[in-house]
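Below is one structure; the comments refer to it alone.
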Amino acid sequence: MHALSALIDDLFAPSVVQLVEDAEGGICYWPRFVDADTAQAWFECLRANAAWSALQRPMYDRVVDVPRLVAGYALDALPETLPLADMLARVQAFAPASYTHAGMNLYRDGRDSVAMHHDKLHSLALGQPITLVSLGSARRMLIRAIDGHHETIAIDLEPGSLLRMSHASQLTHEHGIPKTQREQPARISVAFRARMRDDSDHRRHG
DNA sequence: GAAGGTCAAGCGCA
DNA sequence: CTGCGCTTGACCTT
């Protein structure tokens, strides 16, 4: 019975969903980028072995925790303990680009979140997309047009899914992961980006 | 070196 | 319940 409904889900599941249109491919969602077992294995390995850090930010007159854990890796120096090389190869097959970095977020539960934002374009290579792999439990993302009617798209990012956002779409849309009251197990997002150069050298100088 | 953008939690509102 | 817009301030980029 469950096997049958899963089969029906598979038959009717779209292979790709176009969420936003633009000249560079807009924002595109593949619900079944990898199979569930692979997604689960990646999730467990990353959660256990990635170098997660907890950040803080000032908020009014106190310091609060950033509501998620973060980790980042350069793709030319990947630790062998992580499945990032395998992930990159499979991302390249769906959304080829000259990726250089993988940035990861761990949303532990429904209280973790990211505010609406667009990715910083000054450090990203022109025309190169940002491609997001979702692992763990599904989590709702909001995508909102900046001008016009501020139309908002809500999409539940499923484990094993892939979301490709064009460089151009970062100028017209912002995105975020709102907090939720629902029971919400952990999710990891892995964002592959193409940085035009390493600009981490000349910060914090004098 | 001045100016502008970012993004955290909590509130009230629809 | 969910989304949205407002608030302050340290840190960042331009």
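- At the phosphate of C/dC4, OP1 or OP2 sits under 4.0 Å from a side-chain N or O atom of A/Thr152.
- Side-chain proximity of A/Arg140 to C/dC4, B/dA9, C/dT2: nearest is C/dT2.
- Of the N and O atoms on the side chains of A/Thr131 and A/Tyr99, at least one donor lies less than 3.5 Å from an acceptor on the other residue.
- Atom NZ in A/Lys179 sits about 14 Å away from atom C1' in C/dT2, given to the nearest Å.
- Listed nucleotides C/dA10, B/dA8, C/dT8 differ in distance to A/Tyr60; the shortest reach to its side chain belongs to C/dT8.
- Counting only heavy atoms from C-beta on, A/Met59 has its side chain closest to B/dA9 among B/dT6, B/dA9, B/dC7.
- Distances from the side chain of A/Thr180 to the nucleotides C/dT8, C/dT2, C/dA10 place C/dT2 closest.
- For A/His150, the listed nucleotide lying nearest its side chain is C/dG5; candidates were B/dA8, C/dG3, C/dG5.
- Whole-Å rounding puts the A/Leu171 CG to B/dG5 P distance at 15 Å.
- Screening A/Leu162, A/Val91, A/Leu46, A/Leu88 for a side-chain contact (heavy atoms from CB on, under 4.5 Å) with A/Val190, the sole residue that qualifies is A/Leu46.
- When the side-chain nitrogen and oxygen atoms of A/Arg62 are compared with OP1 and OP2 of B/dA8, none of them lie within a distance under 4.0 Å.
- The residues A/Asp119 and A/Arg193 are annotated as salt-bridged, a charged nitrogen and a carboxylate oxygen being separated by less than 4.0 angstrom.
- As rounded to whole Å, 13 Å separates atom P of C/dG5 from atom CD1 of A/Ile146.
- For the OP1/OP2 pair of C/dC4 and a distance below 4.0 Å, the side-chain nitrogens and oxygens of A/Arg144 include at least one atom meeting the criterion.
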Give the C-alpha distance, both sets of side-chain angles, the deciding distance and a yes or no for side chain to side chain contact (heavy atoms under 4.5 Å, CB included) between A/Trp42 and A/Leu82. CA-CA 8 Å; A/Trp42 286 351; A/Leu82 302 180; over 6 Å; no
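- Whole-Å rounding puts the A/Asp61 CG to B/dA8 P distance at 18 Å.
- Rounded to whole Å, the distance from CE on A/Met116 to P on B/dA8 is 13 Å.
- Using a 4.0 Å cut-off between a side-chain N of Lys or Arg and a carboxylate O of Asp or Glu, A/Asp156 and A/Arg140 qualify as a salt bridge.
- Listed candidates were B/dT6, C/dG3, C/dC4. Nearest to the side chain of A/Pro178 is C/dG3.
- Look at CE on A/Met141: it is 13 Å from P on C/dG3, rounded to the nearest Å.
- When the nucleotides B/dA8, C/dT2, C/dT8 are ranked by their closest atom to the side chain of A/Arg57, B/dA8 comes out on top.
- The distance between atom CG of A/Asp65 and atom P of B/dG10, rounded to the nearest whole Å, is 12 Å.
- Distance CG (A/Asp119) to C1' (B/dG5): 15 Å, rounded to an integer number of Å.
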